[in-house]
Amino acid sequence: MAKRKLKISDKKFKIVKPLKSSGDKSVYGFSSQLDETAIGKAIESAGEKMPSFVLSKIEIHPSKFCNLKCSCCYGAKLAPEILEGENLSLESIDNTLEDVKENFSQNPLIILSGSYSEPLMHPKLNKIIGSLGKNKFRFGLYTNGLLMKEGLMESLLESAESLSSEKPCFVSFNIFGSLNVGRFVRELSPIIEKLSKKRDRLEDKLEIDAPIIVPKQLCNYDFLYEVIGRLESFGVDNVRLTLPWNQLGKIKTKKYESISKKELKRVLEVFRDLERDFDSVRIRSPQETRKHKKCYAMSMGASIGPNGNVYPCPEVSNPFREQLSYGNITKKKFSEIWQSEEHLRLFERLDPKKEGCLCCPAYDDINYLCSQLK
């Protein structure tokens, strides 16, 4: 089957009056820890080659399966083969965590997530979480949460409790998935409430976040007020409101069409009102796309797909970007793949503009800073 290339429009809406947001209490990324002086020196000494930065974050997608079919997920439309599914073996994940623990001086943040998939679909996720605690990694879990059982909650709590870190571990519940299928109130709410009560014993070692992707048809103040009010009553730390990224581009599904400027203005007004009324609300607003000549984020973080392929970042970690993989942990140790010849060559040849890359905000900040220091 021919590889399909992700195409995203470069066009973004200009926000004339930027949102006065309280910001993301970021436990997610690592851009807040950047040392401009050290980065500048590393870039200068590297010349045109990839700088030697500290490995700060690894995102692992343990499963290729998903338990939902969200209307905003364009993965199946672009690459139907992703629905076939596969899981990364527990052995491969354990070996990688032990390898990173042994061969890297500073433990990176480990995130368990999915690329059009759900990490809780992995049958041994409890053991994966346990392995994170055993190896003393600070971790994050992105999930729609509907499959979270009591045993997994205990694994999360025990692993988080075993760590001594300035920042907490976190569980980030994607609320849209359950809202989209009418399972938020009856199924997901009790799960979040139970985890929140259980984590009280941890003394701020585990944070609970709830990003909500808000399509235009769900952007109703009264509706979102009720949802956010419920989340705050459970003790959720952050509720992040954002628009689906593809709504601002050319990618469309049958159920999801691009948003107009008029609709965008209305959505942002609703977001502002909610931010005013709830302390927990953070807004991720549309921003001008910054064009980068190089991907410096790939020298600070990595993403591992469910087949073991290692990619520059989570946004390209999927079957239709296989040409951007620079190794596989089922064939080589991660420590051998990191800053290998394949990794260095990918840095030299990867053109984010030609690939149509769409950075997440943290990676975009890193690439912008590095390009300014270049």
Side-chain angles (χ1 to χ4, degrees), residues 25-35 38-39 42 50-62 88-113 119 122 124-143 152 155-172 199 202-209 296-305 308 310-314 317 326-330 332-340 343 360 362-363 365-366:
K25 289 181 181 176
S26 186
V27 296
Y28 302 104
F30 44 86
S31 56
S32 61
Q33 301 175 358
L34 299 180
D35 181 336
I39 287 176
M50 186 176 76
S52 181
F53 290 136
V54 173
L55 174 64
S56 300
K57 182 166 71 172
I58 301 176
E59 182 164 319
I60 301 174
H61 302 157
L88 188 57
S89 72
L90 175 62
E91 181 183 13
S92 294
I93 295 173
D94 277 347
N95 289 343
T96 297
L97 294 177
E98 290 172 7
D99 172 40
V100 172
K101 176 72 175 178
E102 181 180 347
N103 291 296
F104 292 82
S105 57
Q106 182 180 338
N107 282 0
L109 167 67
I110 306 293
I111 291 178
L112 300 176
S113 185
H122 196 288
K124 296 182 178 178
L125 193 70
N126 289 26
K127 293 186 177 180
I128 296 172
I129 297 292
S131 187
L132 290 169
K134 174 187 171 185
N135 287 288
K136 305 297 181 185
F137 283 109
R138 178 174 165 257
F139 63 86
L141 171 65
Y142 289 91
T143 174
L152 179 57
S155 294
L156 288 166
L157 296 169
E158 288 171 9
S159 289
E161 197 169 18
S162 69
L163 305 182
S164 55
S165 172
E166 292 182 4
K167 284 191 174 184
C169 297
F170 64 90
V171 177
S172 188
R199 63 92 184 252
L202 296 190
E203 298 181 356
D204 300 324
K205 287 191 174 183
L206 183 71
E207 182 171 289
I208 298 177
D209 301 311
Y296 289 94
M298 67 184 289
S299 57
M300 296 182 183
S303 181
I304 301 174
V310 181
Y311 295 90
C313 78
S317 180
Y326 55 91
N328 189 295
I329 62 167
T330 66
K332 269 187 178 182
K333 289 183 177 182
F334 181 84
S335 58
E336 296 172 353
I337 296 170
W338 182 255
Q339 295 189 341
S340 63
H343 191 187
C360 74
Y363 279 47
D365 287 345
I366 288 167

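It should be emphasised that the depicted structure is a prediction, and the values quoted were computed from it without experimental measurement.
- No donor-acceptor distance shorter than 3.5 angstrom exists from the side chain of S131 to the backbone of I128, with no hydrogens or angles considered.
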Stepwise, does the side-chain contact (heavy atoms from CB on, under 4.5 Å) test hold for F137 with V100? CA-CA 10 Å; F137 283 109; V100 172; 3.9 Å; yes
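- For the atom pair K332 NZ and Y326 OH, the distance stands at 12.5 Å (nearest 0.5 Å).
- Distance NE2/H343 to OG/S299: 6.5 Å, rounded to 0.5 Å.
- What you find for L132 and F139 is that their closest heavy atoms are CD1-CB, 3.7 Å.
- Of all heavy-atom pairs between P108 and L55, the closest is CB-O, 3.6 Å.
- Here the closest heavy-atom approach between residue S159 and residue G130 is recorded as OG-CA, 3.6 Å.
- Rounding to the nearest 0.5 angstrom, the gap separating the CD1 atom in I208 from the CZ atom in F170 is 12.5 Å.
- A donor-acceptor distance shorter than 3.5 angstrom exists from the side chain of K136 to the backbone of S162, with no hydrogens or angles considered.
- Nearest heavy-atom pair across E207 and R199 is CA-NH1, 3.8 Å.
- At least one donor-acceptor pair under 3.5 Å links the side chain of K205 to the backbone N or O of E161.
- The CD atom of E98 lies 10.0 Å from the NZ atom of K333; values are rounded to the nearest 0.5 Å.
- The structure places CD1 of I60 at 10.0 Å from NE2 of H122, a figure rounded to the nearest 0.5 Å.
- Crowding of N103 atom CG: a count of heavy atoms from other residues, nucleotides or ligands under 6.0 Å exceeding 12.
- Within the 3.5 Å criterion, the main-chain N or O of T330 finds a donor-acceptor partner in the side chain of N328.
- Listed by chain and number, the residues in a side-chain contact (heavy atoms from CB on, under 4.5 Å) with S155 are N126, I129 (sequence neighbours excluded).
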Please assess N95 against I329 for the test side-chain contact (heavy atoms from CB on, under 4.5 Å), listing each intermediate value before the final yes or no. CA-CA 9 Å; N95 289 343; I329 62 167; over 6 Å; no
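- In this structure, C169 and L206 have side chains that are in contact, with non-hydrogen atoms separated by less than 4.5 Å.
- Taking each heavy atom of D99 and F334 in turn, the nearest pair found is OD2-N, 3.1 Å.
- Every residue two or more places apart in sequence or in another chain that forms a side-chain contact (heavy atoms from CB on, under 4.5 Å) with S113 is listed here: E59, H61, I111, Y142.
- In terms of heavy-atom proximity, A302 sits nearest to W338 at CB-CZ3, 4.1 Å.
- Rounding to the nearest 0.5 Å gives a distance of 10.0 Å between CG of L202 and CD of E158.
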